[in-house]
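Working notes, structure below.
When a residue number appears, it is its place in the shown sequence, counting from 1.
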Amino acid sequence: MRIDRLAAPELSELWSLREDVTVGLDGDDVLLRTPWGRRTVPRPARSVREALRRMLLGPVSLANVVPGFPGYDVPEEHWDEASRELLTVLDAHQDVVVRHLAVGATVCLSVLPLAPRAGFRPASAEPGGRARLRDDVLVRREGRTTVLHSPRLHHRLELHGPEADRLLDWLSGRRDGTPAHPPPAVARAARCYAAAAGLLAERVAPGGGSPGFARGLLNGKADSL
C-alpha cells in the first residue's frame, strides 16, 4: 500500500450549478438560463467561463480552475485577484450556485438554493456550542440522501454517504467531543454551512427565555412574508 493512502481524507469544498440551469458559452458573453429567468455574464474572464462550464457538469473544486482559490474560512483580504473576480460573479448568482463539502473526493453535504432571494455566505467562525437545528427543520430520507429543510428558508441541506448520520447528530447537538469521523474540519465546516443556510439556532441559556426559544444564526434568510 502506498504511504499517501494512509493519510486521513481531507475537507474539500466543491461548487456546482443547479441541475435546471444551462449555460451558453458560444458568444463573448455567457448566458445563464435559470428557473428565475435569463441572465448575462458580460465578457467574463477565461477562468470564470471555465469555472461555469465545469460547474454545469457537477461538483468541482474551483482550485483546479484558479490556483489558490480560497476556502470559506479564508478572509477576503487574502484572496488573489483571479479568485476575487470569480467569487464576484458567483456571489451575484448565489441563487443558482450549489455548495458542497466532501471528505476527500466523496461528497457528504450539499446546500441547494431554492428561491431567487437565496444568499449563502458561510462565516469562518464555527457557531457556538448551543447552536443546533431549528425546531421547524424537517428531516426526511430521499433514497440514500438525508434532506433537511424548513418551509421558511431559502435553502435545503442534503447529507450523503456514510457520514450522513454522524453529521446529522453533529448538527442536532447530539455529539460527544470532537468526532473522528467525519474529520473535525468537515464537522466544523458542516456547521458553518448549515448556519449560513439558516438551519441552525442558538438555544437560550437557562433563565434567558422560555423553554424551546431559539434565535436564527448568521445570515440564514427566513421568509417572513
Side-chain angles (χ1 to χ4, degrees), residues 7-16 59 61 70-75 94 97-114 118-206 208-209 211-222:
E10 296 183 353
L11 168 68
S12 299
E13 292 186 74
L14 307 178
W15 301 63
S16 68
S61 170
Y72 78 96
D73 55 349
V74 176
Q94 292 184 54
V97 172
V98 183
R99 302 285 296 272
H100 311 268
L101 296 175
V103 181
T106 302
V107 173
C108 63
L109 180 150
S110 301
V111 177
L112 289 77
L114 302 175
F120 184 78
R121 299 178 181 89
S124 59
E126 182 179 358
R130 291 193 179 95
R132 52 167 294 175
L133 290 177
R134 294 164 45 128
D135 288 338
D136 61 351
V137 170
L138 307 175
V139 181
R140 68 179 186 274
R141 298 281 187 178
E142 292 185 2
R144 296 183 179 181
T145 299
T146 301
V147 177
L148 291 74
H149 177 53
S150 166
R152 300 181 63 244
L153 299 179
H154 298 327
H155 294 84
R156 73 182 228 167
L157 185 146
E158 297 180 352
L159 302 175
H160 316 279
E163 307 291 358
D165 289 343
R166 189 68 176 102
L167 280 175
L168 181 58
D169 285 345
W170 196 247
L171 297 176
S172 301
R174 300 187 297 269
R175 57 186 187 272
D176 49 356
T178 302
H181 298 287
V186 177
R188 184 166 55 248
R191 285 172 53 79
C192 290
Y193 271 45
L199 293 168
L200 298 189
E202 185 174 344
R203 300 295 174 180
V204 172
F213 175 80
R215 55 189 172 88
L217 291 178
L218 302 180
N219 68 329
K221 304 295 185 180

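- Annotation: side-chain hydrogen bond (donor to acceptor under 3.5 Å, both in side chains) contacts of Asp136 (sequence neighbours excluded): Arg134, Ser150.
- What you find for Ala118 and His154 is that their closest heavy atoms are CB-O, 3.7 Å.
- In terms of heavy atoms, Pro127 sits closest to Leu200 at CG-CD1, 4.1 Å.
- The aromatic rings of Tyr193 and Tyr72 stand perpendicular to each other, their planes meeting at an angle above 60°, with 30° marking the opposite boundary.
- At a threshold of 4.5 Å between non-hydrogen side-chain atoms, the residues Leu159 and Leu168 count as touching.
- There is a side-chain donor-acceptor pair under 3.5 Å between Thr146 and Arg141.
- The CH2 atom of Trp15 lies 10.5 Å from the NE2 atom of His100; values are rounded to the nearest 0.5 Å.
- The minimum heavy-atom distance between Val103 and Cys108, with the atom names listed, is CG2-SG, 4.0 Å.
- Checked against side-chain contact (heavy atoms from CB on, under 4.5 Å), Thr145 has the following partners two or more places apart in sequence or in another chain: Val147, Glu158, His160.
- The side-chain contact (heavy atoms from CB on, under 4.5 Å) search around Ser61 returns Leu14, Ala63, Asn64, not counting sequence neighbours.
- For the atom pair Arg99 CZ and His155 NE2, the distance stands at 9.5 Å (nearest 0.5 Å).
- Taking both residues in full, the closest heavy atoms of Val111 and Ala197 are given as CG1-CB, 4.1 Å, listed atom of the first, atom of the second, then distance.
- Across all non-hydrogen atoms, the minimal contact from Cys192 to Ala125 is SG-O, 3.6 Å.
- Nearest heavy-atom pair across Leu153 and Leu199 is CD1-CD2, 3.6 Å.
- Not counting sequence neighbours, Ser12 has no partner by the side-chain hydrogen bond (donor to acceptor under 3.5 Å, both in side chains) test.
- A donor-acceptor contact shorter than 3.5 Å is absent between the side chain of Arg191 and the backbone of Glu126.
- For Glu202 (side chain) and Arg130 (main-chain N/O), no donor-acceptor pair under 3.5 Å exists by modelled atom type.
- For His149, the side-chain hydrogen bond (donor to acceptor under 3.5 Å, both in side chains) test picks out no residue, with sequence neighbours left out.
- For the atom pair CG of Leu133 and CG of Leu157, the computed distance is 8.5 Å after rounding to the nearest 0.5 Å.
- Here Leu148 contributes atom CG and Ser172 contributes atom OG; the two are 7.0 Å apart, rounded to the nearest 0.5 Å.
- Qualifying side-chain hydrogen bond (donor to acceptor under 3.5 Å, both in side chains) partners for Arg144, counting only residues two or more places apart in sequence or in other chains: none.
- Of the inter-residue distances, the one linking Arg132 atom CZ with Asp169 atom CG reads 11.0 Å to the nearest 0.5 angstrom.
- Residues Gln94 and Pro113 are not in side-chain contact: their nearest non-hydrogen atoms beyond the backbone lie 4.5 Å or more apart.
- Taking the salt bridge (Lys or Arg N to Asp or Glu O under 4.0 Å) definition, one finds that Arg188 meets it with nothing, sequence neighbours left out.
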